[in-house]
Student: 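Handing you this structure, nothing more for now.
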Amino acid sequence: MKAIVVNGEESLTQAREKIRGKKVLIGNLEGSALWKQKPGDIEKQCLEVLRERRNDPYFLLGSCGPDIGYDTPLENINAINKALELFAE
């Protein structure tokens with residue numbers, strides 16, 4: 001199985017249309033930019049992406065970048081977890 005990683009600038013819907021089938025689609029968080037965002041904005045973005053891809057069994061919410069900076073506030077990382085918990089309810 002192959003996976004495609006999509007950055008925050010790209011459309012997950014268009015990416016899915018192009019790759020089709022049972023390929024994993026990963027996106028569309030910008031891990032390297034999480035340090036400068038507000039936790040509320042991160043949570044909102046995550047929820048929007050999760051809702052958009054809710055019927056896509058081969059989607060994984062993830063960062064398109066190689067890592068999340070050490071200077072990223074813990075509150076920002078926790079905002080991702082909070083969005084996942086809210087989505088799972």
Side-chain angles (χ1 to χ4, degrees):
M1 184 179 290
K2 295 181 182 179
I4 304 295
V5 180
V6 178
N7 72 34
E9 305 277 322
E10 299 172 315
S11 165
L12 291 166
T13 300
Q14 288 178 353
R16 172 55 70 208
E17 289 171 359
K18 288 180 183 179
I19 64 172
R20 300 185 187 169
K22 296 182 178 182
K23 294 183 179 105
V24 174
L25 181 62
I26 303 170
N28 108 316
L29 299 176
E30 298 281 354
S32 61
L34 287 175
W35 67 271
K36 62 183 176 180
Q37 293 177 283
K38 295 178 183 175
D41 293 339
I42 295 168
E43 181 183 327
K44 181 181 174 186
Q45 176 191 3
C46 290
L47 282 170
E48 287 174 2
V49 170
L50 289 166
R51 289 177 181 138
E52 175 191 331
R53 303 309 319 157
R54 101 176 22 183
N55 295 319
D56 187 344
Y58 298 102
F59 173 73
L60 296 172
L61 179 68
S63 173
C64 65
D67 53 39
I68 295 174
Y70 288 113
D71 55 349
T72 302
L74 185 57
E75 296 82 21
N76 292 14
I77 296 169
N78 287 338
I80 298 168
N81 290 330
K82 185 176 178 186
L84 290 168
E85 290 171 358
L86 288 171
F87 182 73
E89 291 179 350

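Source: prediction; values computed, not measured.
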Student: Looking only at heavy atoms, what is the nearest atom pair of Cys46 and Ala83, with distance?
Tutor: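 In terms of heavy atoms, the two residues are closest at CB-CB, 3.5 Å.
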Student: Can you list, by chain and residue number, the hydrophobic cluster partners of Leu12 when the side-chain cut-off is 4.5 Å?
Tutor: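 Reading the cluster by chain and number, Leu12 sits alongside Ile4, Val6, Ile19, Leu25, Leu29, Leu34, Ile42, Leu47, Val49, Leu50, Phe59, Leu61, Ile68, Ile77, Ile80, Leu84, Leu86, Phe87.
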Student: Please name all residues satisfying side chain to side chain donor-acceptor pair (under 3.5 Å) with Glu10, sequence neighbours left out, ordered by chain then number.
Tutor: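 Expected list: none.
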Student: Suppose the criterion is salt bridge (Lys or Arg N to Asp or Glu O under 4.0 Å): which pairs have a residue in residues 50-61, not counting sequence neighbours?
Tutor: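 For residues 50-61, and leaving out neighbouring residues, the salt bridge (Lys or Arg N to Asp or Glu O under 4.0 Å) pairs sorted by first residue read Arg16-Asp56, Arg53-Asp56.
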Student: Output every pair passing salt bridge (Lys or Arg N to Asp or Glu O under 4.0 Å) with a member in residues 71-89, not counting sequence neighbours, ordered by first then second residue.
Tutor: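 Pairs touching residues 71-89 that pass the test: Glu43-Lys82.
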Student: Quick one: side chain to side chain donor-acceptor pair (under 3.5 Å) partners of Asp41, sequence neighbours excluded?
Tutor: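 Applying side chain to side chain donor-acceptor pair (under 3.5 Å) to Asp41 gives none.
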Student: Going from CD on Gln37 to CD on Glu30, what distance comes out if it is rounded to the nearest 0.5 angstrom?
Tutor: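 If we round to the nearest 0.5 Å, Gln37:CD and Glu30:CD are 8.5 Å apart.
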